Each structure stands twice: as C-alpha cells, then as structure tokens.
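Only one structure is covered here, and it is reproduced in the block below.
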Amino acid sequence: MLPKKYNALETEKKWQEYWQKENIYGFDENSNKKIYSIDTPPPTVSGKIHIGHIFSYSQAEVYARYKRMSGFNVFYPFGFDDNGLPTERFVEKKYGKKAESMPREEFNKLCLETTHEYEEMFKKLFISMGFSADWNHTYSSISDKAQKTSQKSFIDLYKKGKVYYSESLALWCTECKTAVAQAEIETKELPSRFNHLRFKVKETGEEIVIATTRPEFLAACVAVFVHPDDEKNTHLVGKTAVVPLFDIEVPIIADDKVELGKGSGIVMCCTFGDVTDIEWWKKYKLPLKKLVSDDGRVADWVEGYKGMKVEDARKKIIEDLDAKGYLIKAEDLVHNVAVHERCGHPMELIVKRQWFIDIVKDRQKFLDAGDKINWYPAFMKERYVNWVQNVGWDWCISRQRYYGVPFPVWYCKDCGEIIVADEDNLPVNPLSTKPEHACPKCGGKEFLPETDVMDTWATSSVTPEINSGWALNDSLFNKITPMTMRPNAHDIIRTWDFYTIVKSIYHFNNVPWENVMISGHVLAGKGEKISKSKSNSNLEPDELRDRYSADVVRYWAVNGRLGNDIILAEDEFKNGAKLITKLFNASKFVLMHLQDFDNSKEPELLPMDKWILAKLNKTTEEFKDYMEKYEIGLGINCVEKFFWDFCDNYIEIVKDRLYKPEVHGDAARLSGQKASYLALLSILKLFAPYFPHITEEIYQDYFAEKEGAKSIHITEFTDLSKYSDDTLLDRAEFIKDIVAQVRKYKSENNLSLKTEIETLTIKTTIKEIEFAKSVIGDIKTTCSARNVEFVESAENGIDIKLAEITE
RNA sequence: GGGCGCAUAGCUCAGUUGGUAGAGCAUCUGCCUUACAAGCAGGCGGUCAUAGGUUCGAGUCCUAUUGCGCCCACCA
C-alpha cells in the first residue's frame with residue numbers, strides 16, 4: 001500500500017539503486033528490436049554542472065525513455081570531455097599553478113586525477129536526476145579508446161589528404177600560448193583609441209593622415225591603401241609612404257576594400273593587425289614582418305620596443321609619436337575585438353606551422369549534409385547553414401599545449417619527413433615511442449616527436465565513432481551508426497555539430513546522425529547568461545533536486561518550447577510539484593479500490609467508463625504525434641491536461657460506484673475498476689519518461705505483480721485503440737458541463753459540494769437527453785442529486801431544487 | 001551589415017494542419033467533499049507589440065514597422 005504522503009527523496013534514491021542493480025537501461029546488443037542510438041554530449045570537465053546542463057540533458061533523457069517505451073532498443077551512452085585546454089585551465093586554476101611550471105607528465109597526471117574525481121561527481125548528479133543512460137557505456141575523451149579513435153581519425157584524414165601541416169596564418173592566443181580555431185573565438189566590446197598619425201609621401205613631401213587602433217604595428221607596416229574611387233586620395237596611388245618613427249618606405253596601393261569615409265580614407269596594412277591585412281598581404285604579395293611573438297611580446301628586430309608586451313608597446317609608441325609630433329589626435333572608442341572564448345584574451349594573428357583540416361573547400365558538402373539531417377526545431381538548421389557559409393579558415397587542430405590527445409606523428413631529424421604512426425599501434429604517444437621503421441625518404445633513424453596535442457573538438461567530433469567502437473573494429477559500429485539522434489544546446493552547433501559532420505563526411509561520406517535535437521539555454525534574467533559569478537547557490541541542481549525532487553526538476557526542464565531559452569524562475573517548480581502530489585493522491589485512490597480487482601475479467605463497460613478510455617486513447621495519439629516531432633514539452637502538456645480531467649471529473653463520477661456496490665451493483669463497480677485500472681496504468685506509462693521515480697513507485701506498488709514487468713520503464717505504452725470513440729467524447733462533454741454547472745451553482749451560493757439536491761432539472765435538446773439518461777446514475781451521485789429530470793429545450797441549462805435540510 | 005528567434009492575464013510561460021483565448025504563481029469568494037487543505041469549487045484579470053493584407057473566420061498565414069535577445073561579419 002502506498003503511504004499517506006509521498007516521500008520523494010527517499011523514493012527516488014531507492015529506485016535509482018534498483019535500476020542500477022537490475023541493469024534496467026542496459027543496451028542489449030543481441031536484441032532484435034529496432035535500435036535508437038543517441039550521441040550524448042560529453043559535458044566538459046572544467047567546473048561544475050549547472051542548471052543549464054540539467055535543463056538540456058533532461059530533454060534528451062526524456063526522449064530516450066520515450067523511445068524505450070515505444071519498443072526501441074535504446075543505445076544511450078554517457079561521456080565526459082576531459083581533455084584539452086578547458087580541462088587544463090580548470091586544473092591550473094584549481095591548483096594555482098601553470099602547466100609550464102611543472103614537468104609535462106606531472107601536469108598530465110594531475111589533470112587525469114582531477115577530472116576523474118569530478119566525473120564521479122557529475123555521474124552521481126546525473127544518476128540522482130534519474131538519468132537512464134547505460135552507465136556501462138560511458139566514455140571519456142582522454143581514455144585510450146577515445147585517443148585511439150581520434151588518432152585513427154587523424155590518420156585516415158591524413159591519408160585522404162584532408163589534413164595538412166603548414167606554415168600559415170593561425171589565430172593565436174598569447175595568454176594560452178596556443179593556436180586556436182575560428183570556432184573558439186568570441187567577440188567582446190573593448191575600449192580602444194583611434195590614433196591619427198602623420199605619414200609622409202616620399203615623392204612629394206605631402207603629409208597624409210592615417211588612423212589606427214594598433215600603432216604598435218607601425219614597424220610591421222608593409223603598405224598603405226586608398227580607395228580607387230576616393231578622388232581626394234587617388235593621386236597618391238603608386239607613390240611611396242614613409243612610416244613615422246621607423247622611416248620605412250612602403251607602397252601606396254588602391255583597393256576597394258578600403259572603406260570610404262572612414263578615418264582619413266587612408267589605411268595602413270601591417271602583418272598582421274587584422275583579417276583585412278591578411279587579404280591584402282596575400283593579394284599584393286607583400287613582405288611578411290612578424291611583429292608579435294608567441295608570448296605576446298614585440299619581436300627582437302623592432303628597435304626600441306623589443307620584448308615589450310604588445311599593450312605596453314602600444315602605450316609607449318603613442319607617447320613617442322606624440323613627443324615627435326606625429327600624433328595629430330586620438331579618439332576614444334569602443335569596438336568589438338576577437339577574443340579567445342576560454343580566457344577572454346584578444347587574439348593575435350601569427351604565422352606558424354600548424355596542423356589543419358581542410359574544410360573551406362568542402363563547404364558545399366557540409367551544407368548538403370545539413371540538408372539530410374532533420375533539425376528539431378527546424379529553424380536551428382539556419383544557424384548551422386549560417387556558420388558553414390561563413391567559415392573562412394581551415395580548422396586548425398594543433399594546440400601548443402600539454403594535456404590532450406597526441407598527434408601520432410614524428411618528423412625525421414635529417415630530412416623533416418612526416419612519419420605517421422601505424423594504425424595497428426594506436427594509441428601512440430610520440431613523446432615516449434619511436435616509429436618502427438627508418439625514414440622512408442632518407443633512411444634516417446632519428447626522429448623528433450610532434451609535441452603539440454589535438455584540439456579538444458578534434459576528439460569530441462568523433463563521439464559517434466568512439467561510442468560505436470569504430471577504432472576497435474567493433475561490430476557495434478554498423479549497428480548504431482549513423483546514430484539516430486544528437487542532442488545538444490544551440491551554442492555548440494557551430495563547433496560540435498559542425499565538426500562531427502565534417503568528420504563523418506570525410507570518413508564515411510555520410511551524415512553522423514539522422515536527427516538533431518537542440519535545446520535552449522537557461523538564463524538568469526532577460527538576456528543574462530548564467531555565469532559562475534552570478535550563479536546563486538539556491539538554484540544549483542542539487543539544491544533544487546533536494547527541495548523539489550528530481551521528478552519536479554525534470555518536469556521544469558522539459559516544459560517549454562524546444563530550442564527556446566528560458567529564464568530561471570523558481571515559481572515554475574511549483575507547477576511540477578503540484579502535479580506530482582496530485583498523481584500520487586489520485587493513484588492512492590484508484591489503487592485503494594483495486595485491491596480486490598481481477599484484471600483477467602472483461603466486463604461490459606458503462607458509458608462514462610468507456611468515455612475515459614476513449615479520451616485517454618485520443619490523448620495517447622496526440623502525445624505520440626508531438627513526441628515524434630521531438631516536442632516533449634507539448635507531449636506532457638496534453639497528458640497533463642487529460643490527467644486533470646481524469647481527477648476532476650472521472651474520479652468524481654466513478655467514486656460512488658466504487659465505494660458502494662451495495663447501492664449501484666457489483667457490475668457497475670467492476671466496470672469502474674476495469675476502466676480505472678487501465679486508465680491509471682496508461683497514465684503512469686505516459687508520465688513515466690518525465691517522472692521516472694514516482695511512476696515506478698506506484699507501478700511497483702500494484703501493477704508490477706499484475707503486469708509482470710521488472711520496471712515500468714521497460715514496458716511499452718498501453719494500446720487503447722479499441723476504445724476509440726469520437727461520438728462518445730462529444731456526448732460526455734455534455735455530462736461534464738452539467739456537473740460544472742451544478743458545482744458553480746453550489747459555489748456561488750456558498751454551499752458545500754456535497755449539499756444534496758432534491759431535484760436536478762436538466763434542460764437540453766432531445767439528442768443530449770438520450771445519452772444523459774443512460775448515465776443518470778453517475779449524474780445523481782456526482783451532483784448529490786436525489787432525482788434527475790429532463791426537459792426538452794433549445795438551450796442548455798439546469799434548474800436546481802435543494803433538498804430540505806433535516807436535522 | 002547578414003541570419004535567426006521572441007513580443008499572449010500583474011509575473012513566468014503554453015497555445016503546430018487558421019474555427020468561441022489557456023496553465024501555474026499572485027489576487028478575491030466559498031467549501032472539512034470516505035484520494036488530495038501542500039486540497040477542492042468558483043470569481044477577477046487579455047483591443048494576443050503596432051499597422052495593413054489574405055480568409056466566411058487570424059494569437060495562429062503574408063507584408064511592413066517598433067522593441068528585446070541570440071548567432072555571424074566588421075574591428076584601418
């Protein structure tokens with residue numbers, strides 16, 4: 001028997017342990033059921049799990065449960081992204097030590113230990129939220145399996161000519177001292193100054209004014225540009241400009257990339273202050289002057305400023321220019337600067353050997369792949385398309401860092417030939433091993449290992465391959481790929497989704513998944529991201545779970561529109577809490593009356609009993625329609641709506657029949673029992689994906705024994721299609737309407753709902769009367785009416801004659 | 001500058017083939033009703049951002065405008 005009150009915390013823990021022990025959610029490789037595979041996002045192990053994670057992950061979780069109960073063999077792994085720069089920065093911050101301050105091996109060991117500790121915490125939290133992942137299929141991006149997969153991916157792309165090693169321009173973070181990819185850049189508004197500088201034209205001695213925000217690049221100035229249509233300045237074209245302070249002579253060139261009307265209309269081109277500089281440098285084959293070094297300092301060849309940090313050099317050069325009269329004026333301005341998303345530091349452009357994956361050339365292929373995937377919600381596809389169309393750089397995958405998947409690569413010490421590891425030997429660490437054979441080009445036997453590690457996305461972009469055991473030649477690979485669904489939040493469409501598509505297209509010429517389910521973000525306020533500094537400990541996932549229960553938090557997480565950001569408002573948890581309480585109480589009522597029920601009996605059902613099942617059948621159909629469109633919020637909405645109808649109307653209607661067989665007869669009671677049994681069981685199943693704990697509690701209390709399943713979560717939704725009856729649905733609405741009118745009458749007259757009515761006169765059309773007469777017993781008990789009369793009328797209405805109050 | 005989303009009750013949000021505006025919270029009135037007072041019944045509260053258009057009918061479709069947000073580009 002269910003207790004009087006539901007103790008969520010205790011109950012939830014109990015069933016979580018049971019599910020683990022009984023391996024309820026394990027993926028069955030030998031099953032004949034159709035497979036539904038999910039490419040679960042591995043959360044980055046670089047801090048804690050916030051409510052935004054729970055929000056997003058719960059949506060996919062509910063979907064996994066829905067598919068499992070729809071008869072699919074669900075492959076739902078779980079992973080952790082625990083390598084690369086985010087992890088390094090996290091560990092550096094936690095211990096207050098920089099990676100370069102200790103031996104590489106020591107640092108890597110520290111990273112590994114720290115991440116494992118956090119992964120355990122993450123896992124516990126997700127389990128406590130009722131996640132039905134198959135915890136036997138967990139993966140970590142630093143594991144041997146992931147490294148092997150990632151290296152195999154690299155080698156495959158290398159062989160296919162899609163990976164290249166080149167000394168070319170890279171986006172460089174002087175704070176993290178590594179190259180980064182375009183996708184890792186954010187824009188930030190930073191204050192700056194527009195400095196108007198005096199240049200001289202060598203041939204005529206004329207003075208020209210050039211405005212720049214980065215005067216420290218003067219020494220690396222390689223040309224000056226004007227717009228070809230700028231009549232004011234076209235006479236300068238072909239002449240030579242003299243750079244102040246440094247007396248460097250550079251050509252003046254016309255190019256329509258110059259923006260008319262900005263500054264003086266004359267621009268300097270340095271290597272490299274911004275992206276336009278690169279374009280001009282390439283287009284006009286200008287010389288290369290490397291001004292910024294790896295650590296963000298001015299190069300040694302720049303007299304007077306060498307070794308200074310770029311920001312310091314900027315200050316000093318402005319002073320120097322001013323002192324010598326070259327600075328005409330300076331305006332303060334705020335402009336958008338490209339910064340590294342991990343550290344917020346402004347990016348530099350430098351030339352250095354890096355490993356790249358060739359993506360720009362194949363944009364169209366990636367766009368085509370995007371077309372083949374179903375995006376839920378559909379408009380999120382636009383973000384993908386928008387990003388792919390604008391990708392301007394090949395994907396730089398090498399990072400001059402320490403903790404990550406190593407490149408399976410050595411270089412011949414003699415001739416520089418690139419030696420790639422043998423696939424059979426993966427994973428390899430070139431730092432501690434050597435190639436098996438001499439250099440194929442020169443026969444050299446000495447090698448230099450590649451010391452860089454791969455970008456963390458280079459590994460997380462092969463999660464379908466890691467999960468399916470591609471690198472292990474696992475039979476699972478063909479079974480579960482392409483995966484059925486990829487869930488993630490919209491911020492990583494441009495990174496995780498895009499890169500995963502790139503890899504899949506290059507490796508298999510196929511899409512990685514059939515469907516993408518995109519979630520929104522949880523915001524702290526309007527347009528305000530949840531950040532660590534703002535996060536309120538009251539609204540941490542574990543706090544919310546303890547206060548409201550995991551089922552309630554899950555309800556909150558799915559109850560919105562797919563893909564939409566939501567503002568965290570604690571009031572919204574009350575909605576779910578209320579529903580849970582109601583579900584428990586209603587179940588308690590139904591089960592109380594089912595203790596002597598024999599489910600094998602098939603009684604002829606009374607009209608209102610048929611009605612509730614017909615209505616539930618319709619609800620189930622609607623539910624499934626929404627779910628197939630990944631609209632899990634709308635799915636539960638329609639179930640919830642039905643459930644309140646069930647409580648407010650059906651239970652009230654059937655109540656008296658269940659309590660008093662001596663008055664209404666055993667057949668009337670049995671009919672009510674049958675309908676109640678089926679209805680509650682179906683309701684529990686429909687709620688089960690959302691509220692896995694309370695539904696299991698109720699199922700185990702009564703239904704498990706009758707139905708014979710080990711858990712409600714491995715049953716399938718009840719098929720009630722034989723009760724489908726649209727005419728009955730209409731007819732029954734009329735009965736509900738009578739009950740509502742009676743309730744309103746009593747409420748308006750300040751009467752208790754159980755106040756007895758001597759005669760209830762129902763005025764309506766002949767058509768409605770017919771049906772109403774067939775359920776007259778139910779009307780009497782629900783309204784507490786001794787007599788019910790019918791009067792034929794064009795308009796619906798009721799008359800009430802109260803019973804005399806007898807003391 | 002390009003792309004996308006949002007605008008509905010005091011608050012937070014639903015409303016998906018166009019058909020009489022919904023929920024929770026808040027507020028007011030009443031009710032101990034053999035599941036539930038952490039409850040139940042009922043009330044108050046909305047020219048569905050604005051202006052046009054399509055339609056017998058528009059919160060829903062189209063066009064324009066305004067405000068807010070996100071992504072991308074720009075960063076001399």
Side-chain angles (χ1 to χ4, degrees), chain A residues 2 4-6 182 185 187 189-190 192 194-195 210-214 217 224-225 257-259 262-270 273-277 280 333-338 346 377 379-387 389-392 490-491 493-494 520-521 523 526-529 559-561 563-593 625-626 629 631 633-634 637 640-641 644 647-648 651-652 655-656 658-660 739-740 742-755 784:
Chain A
L2 294 172
K4 183 153 170 57
K5 293 233 158 149
Y6 177 59
Q182 185 185 1
I185 301 300
T187 51
E189 283 204 332
L190 290 175
S192 180
F194 211 24
N195 303 287
I210 291 179
T212 177
T213 53
R214 303 204 65 181
F217 268 93
V224 164
F225 284 88
K257 260 264 164 176
V258 177
E259 226 176 280
K262 192 161 184 177
S264 59
I266 311 174
V267 193
M268 69 170 182
C269 168
C270 311
D274 67 45
V275 184
T276 318
D277 289 344
W280 282 331
L333 64 100
V334 174
H335 67 170
N336 289 323
V337 178
F379 67 79
M380 284 298 179
K381 183 178 154 187
E382 293 309 312
R383 293 213 181 183
Y384 173 78
V385 170
N386 197 241
W387 175 259
Q389 282 172 341
N390 286 301
V391 162
H490 56 60
D491 59 329
I493 292 173
R494 67 176 185 170
H521 279 163
L523 305 176
K526 218 163 191 116
E528 214 181 308
K529 280 181 189 168
N559 206 353
R561 215 161 41 168
N564 265 27
D565 291 348
I566 65 157
I567 295 169
L568 185 54
E570 207 183 334
D571 269 355
E572 290 190 50
F573 288 85
K574 289 180 186 161
N575 201 341
K578 202 175 156 175
L579 180 55
I580 296 275
T581 304
K582 193 75 174 175
L583 180 58
F584 190 77
N585 287 328
S587 300
K588 218 166 56 183
F589 171 83
V590 170
L591 296 187
M592 187 168 81
H593 293 285
D625 283 346
Y626 281 130
K629 290 186 274 184
E631 286 290 358
L634 301 184
N637 272 359
E640 188 180 343
K641 216 168 167 187
W644 287 106
C647 293
D648 297 344
I651 286 185
E652 293 306 325
K655 194 179 254 179
D656 218 55
L658 293 175
Y659 272 117
K660 298 173 186 160
V739 173
V742 171
R743 283 174 180 163
K744 186 169 174 170
Y745 173 88
K746 288 182 179 174
S747 191
E748 280 174 353
N749 290 284
N750 295 351
L751 297 167
S752 156
L753 285 179
K754 70 170 185 185
T755 306
S784 302

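All values below were derived from every heavy atom in this structure, side-chain atoms included, with hydrogens, water molecules and symmetry-related copies excluded. All figures in this text were calculated on a predicted structure; none of them were measured in a lab.
Residue A/Ser192 places no side-chain N or O under 4.0 Å from the OP1 or OP2 atom of B/C75. Taking only side-chain nitrogens and oxygens, A/Arg561 comes nearer than 4.0 Å to OP1 or OP2 of B/C6. Phosphate contact (OP1/OP2 of B/C36, side-chain N/O of A/Lys4, threshold under 4.0 Å): present. Close to B/G43, at under 4.0 Å from its OP1 or OP2, lies a side-chain N or O of A/Lys744. The shortest distance between the side-chain N/O atoms of A/Thr213 and the OP1/OP2 oxygens of B/A76 is below 4.0 Å. Using a 4.0 Å cut-off, no side-chain N or O of A/Arg383 falls inside it from OP1 or OP2 of B/G5. Proximity of A/His490 to the phosphate of B/C4: no side-chain N or O atom is located under 4.0 Å from OP1 or OP2.
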**Asked** Just the dot-bracket of RNA chain B, please: which string comes out with Watson-Crick or G-U pairs under 3.5 Å, [ ] for crossing, | for another strand?
**Response** (((((((..((((.....[..)))).(((((.......))))).....(((((..]....))))))))))))....
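If you take CG on A/Asn749 and OG1 on A/Thr755, they are separated by 9.5 Å, rounding to the nearest 0.5 Å.
In this structure, A/His490 and A/His521 have tilted ring planes: the angle between them lies in the 30° to 60° band.
A/Glu631 comes within 4.0 angstrom of a nucleotide base, judged by non-hydrogen atoms across all strands. Looking at heavy-atom distances under 4.0 Å, A/Gln182 makes contact with sugar-phosphate atoms alone, never a base. Among the protein residues, A/Asn575 comes within range of the sugar-phosphate backbone only, with heavy atoms under 4.0 Å from sugar or phosphate atoms but none that close to a base. Looking at heavy-atom distances under 4.0 Å, A/Cys647 makes contact with a base. Counting any heavy atom pair closer than 4.0 Å across all strands shown, A/Val258 reaches a base atom.
For A/Phe379, taking side-chain heavy atoms from C-beta onward, the closest of the listed nucleotides B/A41, B/G5, B/C74 is B/G5. In this structure, of B/C75, B/A41, B/C25, it is B/C25 that holds the atom nearest to the side chain of A/Lys578. Checking B/G39, B/G5, B/G30 against every side-chain atom of A/Asn750, the shortest atom distance belongs to B/G30.
Nearest heavy-atom pair, A/His335 versus A/Ser192, reported as atom, atom and distance to 0.1 Å: NE2-CB, 3.4 Å. Heavy atoms only, all atoms of each residue included: A/Pro346 and A/Val337 are closest at CB-CG1, 3.9 Å. When all heavy atoms are compared, the tightest approach of A/Met268 to A/Ile210 is N-CG2, 3.8 Å. Closest heavy-atom contact between A/Cys270 and A/Phe217: SG-O, 3.5 Å.
For B/G2, the base has a donor-acceptor partner in the side chain of A/Asn386 [N/O atoms by modelled type, under 3.5 angstrom]. At a cut-off of 3.5 angstrom, counting only N and O atoms as typed in the model, there is no donor on one side facing an acceptor on the other between the side-chain of A/Lys574 and the base of B/C25.
Going from the C1' atom of B/C71 to that of B/U55 covers 36 Å, rounded to whole Å. Straight-line distance between the P atoms of B/C48 and B/G3: roughly 30 Å, to the nearest whole Å. On the C1' atoms, B/U27 is 34 Å away from B/G18, given to the nearest whole Å.
When side chains are defined from C-beta on, A/Lys582 counts as touching A/Cys647, because their heavy atoms get closer than 4.5 Å.
In this structure, the side chain of A/Gln182 does not engage the main chain of A/Val391 through any donor-acceptor pair within 3.5 Å.
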